[in-house]
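What follows is a short report on a single structure.
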Amino acid sequence: MHSNFQIIFYEDRNFQGRHYECSSDCADLSPYFSRCNSIRVESDWWVLYERPNYMGYQYVLSRGEYPDLQRWMGFNVTIRSCPICKFILGDTYRTWTYKKPDFGGQMMEFMVDCPSVYDRFRYHDIHSCQVMDGYWIFYEQPSYSGRQYFLIPGEYRRYSD
């Protein structure tokens, strides 16, 4: 394996078949492989998108090996774009989430990981949020499972943002 490549996409499971080695952001991976069933992340963090130009569902991967993406993600997925994510480690992490769109309803502040918003606040859904400090990964299901939503500092007025 070449240490200068940071992520390798394989068409087949268990790192088999054609592969593509990527070391920078790529807005369209379509020319390099038709399907992706396994990935090796050699360094840093990556955000993978199901559509070109960083659109669609997101999957955040840290350094490691992912021999079977279908099993890991739980549903059929395509990977069509990927930016490298250079985390800036800081001292504070803070986000405000809201029960309603446009920062309405009850506000919940998070400064540490929370495995279940329902268990902590008795709310099933978050409809808007403000990421004040740090990077956050929101998960669709409790215990860090389901689809992921990668959020950088900024305002997200609606769930669709």
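One is the number of the first residue; the rest follow in order along the sequence.
Look at Asp102 and Arg158 and you find a salt bridge, because one of the NZ, NE, NH1 or NH2 atoms lies within 4.0 Å of a carboxylate O, short of that distance.
A heavy-atom distance below 4.5 Å is found between the side chains of Trp45 and Ser62. Side-chain contact check for Tyr135 versus Pro153: some heavy-atom pair is nearer than 4.5 Å.
Between the side chains of Glu11 and Ser34, a donor-acceptor pair is found at a separation under 3.5 Å. Side-chain atoms of Trp96 and Glu109 include a donor-acceptor pair closer than 3.5 Å. There is no side-chain donor-acceptor pair under 3.5 Å between Gln148 and Gln58.
Counting all heavy atoms, side chain and backbone alike, Leu48 lies closest to Cys82 at CD2-CB, 3.6 Å. Tyr54 and Ser81 get closest at one heavy-atom pair: N-OG, 3.0 Å. The nearest pair of heavy atoms linking Pro83 to Tyr49 is CD-CE1, 3.6 Å. The two residues Arg120 and Phe110 have their closest heavy-atom pair at NH1-CD2, 3.6 Å. When all heavy atoms are compared, the tightest approach of Ile126 to Thr97 is CG2-CB, 3.7 Å.
Distance check, rounded to the nearest 0.5 Å: CH2 of Trp136 to SG of Cys114 gives 9.0 Å. In this structure, Leu61 CG and Trp46 CH2 are separated by 10.5 Å, a value rounded to the nearest 0.5 Å. Atom OH of Tyr10 sits about 9.0 Å away from atom CD of Gln16, to the nearest 0.5 Å. Between atom CD1 of residue Ile84 and atom OG of residue Ser43 there is a gap of 6.0 Å, rounded to the nearest 0.5 Å. For the atom pair CD1 of Ile79 and SG of Cys26, the computed distance is 12.0 Å after rounding to the nearest 0.5 Å. Rounding to the nearest 0.5 Å gives a distance of 4.0 Å between CG of Asp113 and OH of Tyr144.
Using a distance-only test at 3.5 Å, with no hydrogens or angles considered, a donor-acceptor pair links the side chain of Ser38 to the main chain of Asp12. At least one donor-acceptor pair under 3.5 Å links the side chain of Asp28 to the backbone N or O of Ser30. Remark: side-chain polar atoms of Arg63 are paired, donor with acceptor, to backbone N or O of Glu42 under 3.5 angstrom. A donor-acceptor pair under 3.5 Å is formed between the side chain of Glu50 and the backbone N or O of Tyr57. Asp133 places no side-chain N or O within 3.5 Å of a backbone atom of Thr92 that could act as its donor or acceptor partner.
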> Would Asn53 and Arg51 satisfy side-chain contact (heavy atoms from CB on, under 4.5 Å), going step by step from the backbone distance to the final call?
Replying inline: CA-CA 7 Å; Asn53 298 313; Arg51 295 192 320 221; over 6 Å; no
>> What verdict does the side-chain contact (heavy atoms from CB on, under 4.5 Å) test give for Ile7 and Ile39, after you've listed the backbone C-alpha separation in whole Å, the side-chain angles of each residue and the deciding distance to 0.1 Å?
In response: CA-CA 7 Å; Ile7 188 168; Ile39 295 176; 3.7 Å; yes
> Yes or no on side-chain contact (heavy atoms from CB on, under 4.5 Å) for Phe33 and Arg80, after CA distance, side-chain angles and deciding distance?
Replying inline: CA-CA 9 Å; Phe33 52 85; Arg80 290 294 176 241; 4.1 Å; yes
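Around the CE atom of Met107, the shell of radius 6.0 Å holds more than 12 heavy atoms that belong to other residues, nucleotides or ligands.
Cluster membership for Phe138 and Ile152, using ILVMFWY side-chain heavy atoms within less than 4.5 angstrom, is shared. Met132 is not connected to Tyr149 by any chain of hydrophobic side-chain contacts under 4.5 Å among Ile, Leu, Val, Met, Phe, Trp and Tyr, and they are in different clusters. One hydrophobic cluster holds both Tyr59 and Leu151 under the rule that ILVMFWY side chains link at heavy-atom gaps under 4.5 Å. Both Ile137 and Tyr66 sit in one connected hydrophobic cluster of ILVMFWY residues. Membership requires side-chain heavy atoms under 4.5 Å apart, directly or through other members.
For the side chain to side chain donor-acceptor pair (under 3.5 Å) criterion with Arg40, the lone passing option out of Glu65, Gln6, His19 is Glu65. Of the residues listed (Gln130, Gln106, Arg157, His127), the one engaging Tyr98 in a side chain to side chain donor-acceptor pair (under 3.5 Å) is Gln130, and it is the only one.
In this pair, Tyr20 and Phe9 present their aromatic rings parallel. The plane angle is below 30°, not in the 30 to 60° band.
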